[in-house]
2 protein chains.
Amino acid sequence: MSGLDSPSETLDWEPKLASYLAERGLRITRQRKVIADAFFETAGHPTMEELLAKVRETDKNVGQATVYRTLRLLVEAGLAEQSNFGDGTARYEPVSSDHHDHLVCRDCGRIVEFYNDTIERLQDEIAKAHSFAVEHHEMVIYARCTQTACPHKAAAKS
Amino acid sequence: MSGLDSPSETLDWEPKLASYLAERGLRITRQRKVIADAFFETAGHPTMEELLAKVRETDKNVGQATVYRTLRLLVEAGLAEQSNFGDGTARYEPVSSDHHDHLVCRDCGRIVEFYNDTIERLQDEIAKAHSFAVEHHEMVIYARCTQTACPHKAAAKS
DNA sequence: ATGGCTGCAAACCGTTTGCAACTAT
DNA sequence: ATAGTTGCAAACGGTTTGCAGCCAT
């Protein structure tokens with residue numbers, strides 16, 4: 001209908017962010033552009049620190065506070081999602097068309113995304129049964145890779 | 001078989017804790033007793049702060065560090081579980097015979113526990129399909145009470 | 001007596017905030 | 001010109017840790 005149907009990666013964030021900012025009199029700054037660019041072209045679930053590192057490849061002077069503030073903005077604009085995988089550090093990922101939950105390896109930190117329709121439906125039903133209106137849910141399965149090689153064997157804390 | 005079958009509340013923690021400590025040459029101290037007592041007779045999902053308050057009704061001199069350390073001990077002993085409901089503060093609850101997940105009201109902070117067999121089974125299947133051995137999972141549904149009165153209307157931040 | 005435990009205070013660490021200078025509009 | 005934005009550093013809040021003295025064993 002409206003051009004290319006990309007594989008849920010390209011979520012056309014630029015116009016969305018622009019209008020979000022415009023609507024409330026906020027500005028499109030150089031830093032916001034650099035941060036959003038870095039964020040949306042990063043695969044995975046970066047922490048602020050990881051994103052900051054990437055941002056500084058482009059602009060060495062960006063401060064962490066600005067990255068935090070911009071991430072909050074992206075979350076508010078519905079373009080990013082924040083998750084917690086139990087290590088006390090927030091992680092962020094682009095909001096893609098398809099919602100998913102996470103499976104985290106306790107050993108190597110590898111994060112696998114999954115989606116299960118039945119679980120989603122049951123969650124809604126359960127909430128409804130308790131007279132709650134679901135806003136958001138977070139489901140993290142902590143587990144251990146049973147494969148021969150944890151792909152990120154020493155990624156966590158070298 | 002072994003005496004009374006209690007409604008999953010009484011989990012017979014005293015002997016379990018005692019043997020856990022004994023096995024590794026740790027000691028049963030006055031503070032540990034007071035803290036465990038307070039913890040297991042508390043309903044709900046107390047934070048360290050809440051537990052400390054209760055503990056100090058009995059012993060004014062207990063320090064927070066001791067409460068943190070004892071809670072860690074209880075978790076290690078498999079007698080307590082730690083959860084995070086998105087407010088940056090850890091909450092603890094006794095490990096009861098029946099596992100359950102949580103439904104949290106964004107408005108009033110009320111926490112409802114639920115259990116769904118199908119979800120549990122699906123989680124295991126999903127993990128297995130990705131060659132992960134489930135260790136633990138945490139599922140939190142953030143929602144809003146739709147009932148006329150949020151029972152704890154102003155409990156969060158007065 | 002000995003080695004674990006405690007309370008205190010300081011350290012930690014991720015995140016937020018105040019502020020003066022800066023910049024998009 | 002004006003109000004939003006930035007980087008810095010300080011503040012924050014929950015949690016952990018070092019240490020000297022204490023206490024269960």
Side-chain angles (χ1 to χ4, degrees), chain A residues 14 17-39 45-53 55-56 58-77 80 82-92 109 156-157, chain B residues 14 17-39 45-53 55-56 58-77 80 82-92 109 156-157:
Chain A
E14 288 210 58
L17 180 56
S19 61
Y20 178 84
L21 295 174
E23 274 167 24
R24 42 211 88 200
L26 304 179
R27 292 168 187 174
I28 299 172
T29 64
R30 179 175 41 81
Q31 290 91 330
R32 283 177 183 166
K33 264 184 268 183
V34 175
I35 294 167
D37 272 334
F39 177 64
H45 306 75
T47 60
M48 179 283 300
E49 206 67 50
E50 288 163 358
L51 184 54
L52 178 61
V55 164
R56 285 191 171 160
T58 303
D59 183 339
K60 288 198 190 304
N61 299 316
V62 176
Q64 5 171 265
T66 303
V67 177
Y68 274 119
R69 289 188 275 231
T70 303
L71 281 169
R72 189 193 305 155
L73 218 54
L74 292 174
V75 169
E76 286 165 3
Q82 192 179 354
S83 299
N84 259 295
F85 299 141
D87 65 348
T89 315
R91 291 182 170 275
Y92 300 83
K157 296 169 185 180
Chain B
E14 288 211 58
L17 180 56
S19 61
Y20 179 84
L21 294 175
E23 274 167 24
R24 44 211 89 199
L26 303 179
R27 293 171 185 172
I28 299 171
T29 64
R30 180 176 41 81
Q31 291 91 330
R32 283 178 182 165
K33 264 185 268 183
V34 175
I35 293 167
D37 271 334
F39 178 64
H45 306 75
T47 60
M48 178 283 299
E49 206 66 52
E50 288 163 357
L51 185 54
L52 178 61
V55 164
R56 286 192 171 160
T58 303
D59 182 340
K60 287 199 191 305
N61 299 314
V62 176
Q64 359 171 269
T66 303
V67 177
Y68 274 119
R69 290 189 273 230
T70 303
L71 281 169
R72 188 193 306 157
L73 219 52
L74 293 174
V75 169
E76 287 165 3
Q82 191 178 359
S83 300
N84 260 295
F85 299 140
D87 64 348
T89 315
R91 291 181 171 276
Y92 300 83
K157 298 169 186 182

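So that the names make sense, note that chain A is the first sequence line, chain B the second, and so on, each numbered from 1. Quick note: numbers below take in every heavy atom, side chains included, and nothing from hydrogens, waters or symmetry partners.
For the pair A:R24 and A:Y20, the cation-pi test (distance below 6.0 Å, angle within 45°) is passed.
Qualifying side chain to side chain contact (heavy atoms under 4.5 Å, CB included) partners for A:T47, counting only residues two or more places apart in sequence or in other chains: A:E49, A:E50, A:T89, A:R91. The side chain to side chain contact (heavy atoms under 4.5 Å, CB included) check on B:E14 picks up nothing, with sequence neighbours excluded. B:T66 pairs by the side chain to side chain contact (heavy atoms under 4.5 Å, CB included) definition with B:Q31, B:I35, B:V62, B:R69, B:T70, not counting sequence neighbours. Taking the side chain to side chain contact (heavy atoms under 4.5 Å, CB included) definition, one finds that B:I28 meets it with B:A18, B:L21, B:K33, sequence neighbours left out.
Regarding A:L71, its CG atom lies at a distance of 16 Å from the C1' atom of D:dT5, rounded to whole Å. The CZ atom of B:R91 sits 16 Å away from the C1' atom of D:dT15 (whole-angstrom rounding). In this structure, CG of A:L73 is placed 9 Å from P of D:dT6, rounded to the nearest angstrom. Following rounding to the nearest Å, A:R32 (CZ) and C:dA24 (C1') show an atom-to-atom distance of 10 Å. One can place CZ of B:F85 at 17 Å from P of D:dG14, the figure rounded to the nearest angstrom. Following rounding to the nearest Å, A:K33 (NZ) and D:dT6 (C1') show an atom-to-atom distance of 15 Å. Spacing between atom CG of A:D87 and atom C1' of C:dT15 amounts to 14 Å, rounded to whole angstrom units. A straight line from CD of A:E49 to P of C:dT16 spans 14 Å, rounded to a whole angstrom.
Counting any heavy atom pair closer than 4.0 Å across all strands shown, A:Q64 reaches a base atom.
B:R56 approaches B:G63 most closely through the heavy-atom pair NH2-CA, 3.8 Å.
Between its two ends, the helix from C:dA1-D:dT25 to C:dT25-D:dA1 turns its axis by 30°, counting five pairs per end and rounding to 10 degrees.
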Check the pair B:Y92, B:L51 against side-chain contact (heavy atoms from CB on, under 4.5 Å), reporting the backbone distance first and the verdict last. CA-CA 9 Å; B:Y92 300 83; B:L51 185 54; over 6 Å; no
Can A:R32 and A:L17 be said to form a side-chain contact (heavy atoms from CB on, under 4.5 Å), step by step? CA-CA 10 Å; A:R32 283 177 183 166; A:L17 180 56; 5.6 Å; no
Could you write nucleotides 17-25 of chain D as a row of B, S and -, 5' to 3', where a protein heavy atom under 4.0 Å of any base atom gives B, of only sugar-phosphate atoms gives S, and otherwise -? BB-----BS
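In this structure, A:L21 and B:T89 both approach DNA chain D, and ranking their closest nucleotides by distance from the 5' end singles out A:L21. Along DNA chain C, the nucleotide nearest A:N84 and the nucleotide nearest B:V62 are compared for position; the residue whose nucleotide lies closer to the 5' end is B:V62.
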